[in-house]
Structures are given as C-alpha cells and as structure tokens.
2 protein chains.
Amino acid sequence: MYLDPISRLRRFNRAVTREVGALDTSFLGRGRPLGMARVLQLVRPEGTDVAVIRDRLALDSGLTSRFLRSLEREGLIETETDLADRRRRIARLTAKGQAEMAAYEAIGYDRAARLIAKAGTRADEVVAAMDLIATLLNRDHLEIRPADPDAPEALACLQAYFDELIDRVPAATPQMFSLPDPGADRYRPPHGRFFIAWSDDLPVGCVSLRPLDATTAEVKRLWVHASARGQGLARRLMSLIEDEARAMGHRYLKLDTNSVLTEAITLYRNSGWVDIEPYTDPPGDTWMGKAL
Amino acid sequence: MYLDPISRLRRFNRAVTREVGALDTSFLGRGRPLGMARVLQLVRPEGTDVAVIRDRLALDSGLTSRFLRSLEREGLIETETDLADRRRRIARLTAKGQAEMAAYEAIGYDRAARLIAKAGTRADEVVAAMDLIATLLNRDHLEIRPADPDAPEALACLQAYFDELIDRVPAATPQMFSLPDPGADRYRPPHGRFFIAWSDDLPVGCVSLRPLDATTAEVKRLWVHASARGQGLARRLMSLIEDEARAMGHRYLKLDTNSVLTEAITLYRNSGWVDIEPYTDPPGDTWMGKAL
DNA sequence: GGAATTGTCTGACTATAGTCAGATGAAATA
DNA sequence: TATTTCATCTGACTATAGTCAGACAATTCC
C-alpha cells in the first residue's frame, strides 16, 4: 500500500478535524460562545448535576459557575441546590432553554442528514464504519448496565441477535422468534437478569439469565454488535452473568447454541464450559454446561 | 435499529471530537499555542507562500503576520520576499524548525500508532472504515492529476488494480502482471496518458491511455479504491481520458475487460461503448469500442 | 465536637484568538 | 503617468477561555 495505516489514520484525522471545526462554527451561528453552548447541551430538562457538567467538559469550577450564571441570566436554565447534599447544585432547562436546545439539535441533525445523503447508496456502509470507529474510540468507556427485557434498547439488541441467527444458522427461521419476548418475565429480577452493554448511547451487546430450577439457570441472548467484536466484550458479559448467577445462589449453568457459531463456542470452551446432553429443540444443536 | 443513522453519526462526531481535542491538547505539550503550531505545520523546508498559509487556515492577515514574526523570533523559520512578486513573502523552515516539526510529527505518529494498536485484530477493518469516511468527507476536494506510470503512487494503484483482478476474475493469475509495468513508456506523454485521482494524500483511482495506431487508442488500468466507489469517480476518469484522447487526435477508443466486472461494463455501456470483436488474449473476455 | 474535605461561587488575573483601521511599498490597470 | 488593487505589516482593540486564590457552607471523618 502506498500509504501505511498510520498515515491513513492521520488523513482521517485531518478530514474529521475540518468537519468538527465546521460543526463548531455553525453552532456559533446561534450567537453564543462555544463553551456556553457546550454547557447548555449537557443540561437536561430533568436537571443535571453541576459536577457532572464540569467533569464531562473538564472545566474549571469557576468557569463552569460563570457559564451557568450567564445561561441563567438568559433565562435558559434554572439552578437549585440538591436536597440530598446541599453543597451540590442542579441545573435544569427552562422551557426557553428547551426551545434553544431544539434549535441546536436541528443544526446538528441537518449537518448529519446532509452527510448521510452525500454517502448515497453507501450510507449503510458509512454508518457501519462510523460505528466501528466510535466504538473503538469509546472502548474505555464501555458500560454494562441492567435493563428491562421489554425496553426499546433491549428489543433492539434482541432483534439484532435474532437477525444474526436467521442469517447464520440454517435451521433458524423468522417464525421462531417474536418480540417483545413472551418469556420476558423470566429475565427480570428477582428470578432472572438482563444486561446491556453501552458504548456512549449505542447498545453494543446484551446477555440474559433465566432460572431453570432452584440451583440451575440458563444463559441466553448473548449478542455483541458488529462494531464491538474482537474486544473481549462477550467474555466480559459472560463473566458478569456467571457472577450474577453465583450471587443468586445458582450452582450450575446451561446454554444452548448452534455449531455454526464457532467464535461463541470457542469462547465458552475457553471459559470452562463443557458439552452436555441436549435439553432443548432446534435451532440449537449444541448444549453446554458449567458448574459454578 | 435502536439508533437511527443520524444519531449514530452524531455519536461518531462526539467520539471523534474528543479524540481531536486530545490531539490538540497534546500538541500544546510543546509549549506553543495551537494557532502557532498550526502555522508551523504548513511551513515547508523549501518555503511556503505566506498567502497559502493564510488561506488554508482562514486566518486574518494581521494574525498570520504576528504568528510568523513570533516563529521567526524563536528561530524556527525565516522569511524572504518573493522575487517574482515583491509584495509577497515566503516562509521557510530553518534547521531548528525542521527539528521542531519532527517532534510534532512524532506526537501525531505516536497517537495514531496507539489507536491502531488498540484496534488489535480489527486494525485493517478500522483503517478501511477511516478511508471510507475520509474519502466521503474529502469528496468535494477530489483532484485528478497526471502522473508518471512508474511513480510509487502509480505502482500502488496498479498493484491494487491487479490484486482486485486476481481476486475477482477467475482467469487472472499473479503471473500475468508485473510491476513496474514493462510497457510504462506507452502510457507516458506524448504518446499516452496516466492519471491518478487523489483524495487528500491517498491515491483513490487511476486510468491510462495508450496508442494502438495513428487514430486509435486503448483505455487501460481503470481502477477506483474501495473507499471511493459509488461516487461517480470511474465515470469522471473515463470522461477525462476520452477528452484527452480526443484532444490528442484519436478517433476511436478500445478496451478489453472481463464479464465478471459487471459495474465497469455497465458504466461503459451507459457512456456509449459498444461490444466489438476480440483483439486481445485472456484474462479479457469482453471487448468494447467507442467512436469519439 | 472539631478538623478536614468537598462543592460552589466570586473576583482578579492571564493567555490566546481574532478583528479592524491604517500605513507601506509593489504590481496591475487605465 | 495616475489610479487602483494587492500583500503584508503594525498597533490598538475585543472576545473567549482558562487559571488561581480565597470565601462560604455543607458534609465527612476521626
């Protein structure tokens, strides 16, 4: 290759710096300095802790305070002391502030829409490329949080998981899967568990646990978004769900999978899972278990 | 999908803004304000026109001048008046300035290398994703320039072109192609032509023309980088080479291709090319011609 | 209960980026 | 030749971001 990977990354950096700069400049079009606009973006209508704003933007406390005062004078936000800890303050968007935020949203949305349109027939590919890069850059901030199995973000993960099974497993058909999951109740505490891995605001993985009997539980719905593969996330999810099962008092775990899903099976074997007798119907054709 | 493409683009934007910000901050580690560092980056050892620097960074002339004076005081650059137009000035890097630039280069290189390393087994995919995005963002600045067929950038294009043929055309084997091209001479002016399309500093396409007889020429080596496909570049290259042939006095064009390269053949047909009698050996199996 | 720590705020300060008007000399144009 | 345009420079100015010290009140730690 004419350009080595590092030069190509730097070419990417230049292109993207220009783009980001242009976005910043267009934000200035609303007649407010960038620093203040950035603070405003972090103030939620329900209220945001002032310390959170300071941390996220890595701002000095004095500067943050002044930005907030200034936004307050404009009537865009209100602040009040946190009743739980009266040293802390909470900033909240006013109606006027929400309108202003909507205007900023519109600017960002327009620019994004224009770029997607520019990608034409390759828009899907471009979005996948952006997911990959964003997930890589966010890698150190990946968070795994419990979720309700009927929440929209959970449904999105499950849909993606089903789509992948249908795509890869010959025996899997769309009729086998329905959403919302009729058995969702068994994934909810206190009986079961459902976790989602987040990279910023994109769900990039999930895993669930449901009880089979008093001492045995089943691991299901292990899925990792294409952009997050190859970074050990599946392993983290599995180890989390095993810890949860242990804490809930289970002594044994089972799962069913399909032999075409070789990466998953390799992962299971490498973390102590062994083949067991069949205990479910197709599309599964491989059954594994692990003593906790 | 839980997140629509536009939200995902904006997530990408956030991730990348943080990264770019961090790069800027690390440049500040050399104890020089960012603006001045940016100016320094544009001063070449051979000399750069001051107006070029101003334009590229969209700086006020007063500010540019002050930055240059300051870099001059530090001994990093020298300026002299342009002899061709004595209103203009040229800035040139001193030895000390070159050392300083090397230090900046090293910072950028390190960060890039670290990010590539973080991508682990998916580094190739990440670089391809970055190419795709950078080419999209640079789309309006795509430039097609003549090149020598033996220049490194030309060899890179040809190698990529051959690799693709070997990959897609069953009859094509590595033994059929060698580089540098033994027939390179026929692609050079005044007899032939060789053009490369550049997106920033990445060659993303090429096309060449060689004479067959006094009034007929052959179009060869039409190639477009994966990141630049679907944006009409092949069409631009073809239309350019046809114009060149016309200007050189040719009346008729020919080309040979392979039936598996369907997008290319569709492009040819849509721009007035028609099937003709075979005139070459494999791996070609489709021959086309166009009267100018 | 007293000392240390924490979160926020204010005022005074500096650094950096950027704007604007005008001066100067050179080149282009009529 | 006279006028206009151009490229650069300087000085005076403003805007924005950011730093620092100290005050104050609430909380945590011992």
Side-chain angles (χ1 to χ4, degrees), chain A residues 17-18 20-43 47-74 77-92, chain B residues 17-18 20-43 47-74 77-92:
Chain A
T17 304
R18 222 189 10 246
V20 166
L23 182 62
D24 283 358
T25 314
S26 72
F27 272 10
L28 293 174
R30 296 215 46 90
R32 194 165 291 110
L34 198 56
M36 245 155 74
R38 273 202 263 257
V39 168
L40 185 60
Q41 314 262 357
L42 288 180
V43 181
T48 307
D49 203 302
V50 167
V52 169
I53 297 171
R54 224 181 20 234
D55 273 16
R56 287 270 197 99
L57 300 177
L59 288 179
D60 176 85
S61 71
L63 189 55
T64 313
S65 175
R66 245 179 313 251
F67 281 155
L68 292 172
R69 279 312 74 66
S70 174
L71 290 169
E72 215 165 18
R73 264 197 307 277
E74 278 195 81
I77 66 168
E78 308 170 316
T79 57
E80 57 177 41
T81 59
D82 181 343
L83 292 179
D85 177 346
R86 297 207 318 264
R87 291 170 302 183
R88 293 169 161 272
R89 309 219 78 200
I90 292 173
R92 186 190 316 283
Chain B
T17 304
R18 225 192 4 250
V20 165
L23 182 62
D24 282 359
T25 314
S26 71
F27 272 11
L28 293 174
R30 297 215 47 89
R32 195 166 289 111
L34 198 57
M36 245 156 75
R38 273 203 263 257
V39 168
L40 186 60
Q41 315 261 356
L42 288 181
V43 181
T48 308
D49 203 302
V50 168
V52 169
I53 296 172
R54 223 179 24 233
D55 273 15
R56 287 270 196 100
L57 300 177
L59 288 179
D60 176 86
S61 70
L63 189 54
T64 313
S65 175
R66 242 178 315 247
F67 281 156
L68 291 173
R69 278 314 74 65
S70 175
L71 290 168
E72 213 166 18
R73 264 196 309 276
E74 278 194 79
I77 66 168
E78 308 170 316
T79 56
E80 57 177 40
T81 59
D82 182 345
L83 293 179
D85 177 345
R86 297 212 313 268
R87 292 170 303 182
R88 293 169 161 271
R89 309 219 78 200
I90 293 173
R92 186 191 317 285

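Naming: A, B, ... by sequence-line order, numbering from 1 per chain.
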Output one line per pair: protein atom, nucleotide atom from nucleotides 15-20 of chain D, and distance, for all N/O pairs under 3.5 Å.
residue : atom : partner : partner atom : Å
D:dA17  : OP1  : A:L34   : N            : 3.4
D:dA17  : OP1  : A:G35   : N            : 2.7
D:dT19  : O4   : A:R66   : NH2          : 2.9

Whole-Å distance separating the [atom1] atom of [X] from the [atom2] atom of [N]:
X	N	atom1	atom2	result
B:R89	C:dG25	CZ	C1'	12 Å
A:I77	C:dT8	CD1	P	13 Å
B:D49	D:dT8	CG	C1'	11 Å
B:L71	D:dT8	CG	P	16 Å

Tell me every residue that passes side-chain contact (heavy atoms from CB on, under 4.5 Å) with [X], counting only those two or more places apart in sequence or in another chain.
X	value
B:A37	B:Y104
A:D55	none
B:R86	none
A:T81	A:R89

Can you list the residues that meet the salt bridge (Lys or Arg N to Asp or Glu O under 4.0 Å) rule with [X], with sequence neighbours excluded?
X	answer
A:R66	none
A:D82	none
B:R56	none

Which atom pairs, one a donor and one an acceptor, fall under 3.5 Å between side chains of residues 57-64 of chain A and the rest of the protein, sequence neighbours left out?
residue : atom : partner : partner atom : Å
A:D60   : OD2  : A:G62   : N            : 2.7
A:D60   : OD2  : A:L63   : N            : 3.3
A:T64   : OG1  : A:D60   : O            : 2.7

Requested in this report: For the helix from C:dG1-D:dC30 to C:dA30-D:dT1, figure out the bend between the end axes, five pairs an end, and round to 10 degrees.
Outcome: 20°

Query raised in the report: Nearest heavy-atom pair of B:I90 and B:G47: which atoms, and what distance?
Result: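 Heavy-atom minimum between the residues: CG2-CA, 3.9 Å.
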
What protein N or O atoms touch nucleotides 22-30 of chain D N or O atoms at under 3.5 angstrom, if any, and at what distances?
residue : atom : partner : partner atom : Å
D:dT27  : OP1  : A:R86   : N            : 3.0

Requested in this report: Can you tell me which residue pairs pass the salt bridge (charged side-chain N to carboxylate O under 4.0 Å, His left out) test with a partner in residues 31-40 of chain B, sequence neighbours excluded?
Outcome: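 Applying salt bridge (charged side-chain N to carboxylate O under 4.0 Å, His left out) to every pair that reaches into residues 31-40 of chain B, excluding sequence neighbours, yields B:R32-B:E74, B:R32-B:E100.
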
Report task. To the nearest 0.5 angstrom, please state how far the CG atom of B:L34 sits from the CG atom of B:D24. Result ->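 Rounded to the nearest 0.5 Å, the CG-CG separation comes to 4.5 Å.
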
Query - Under 4.0 angstrom between A:R88 side-chain N/O and C:dT6 OP1 or OP2 - result: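 No.
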
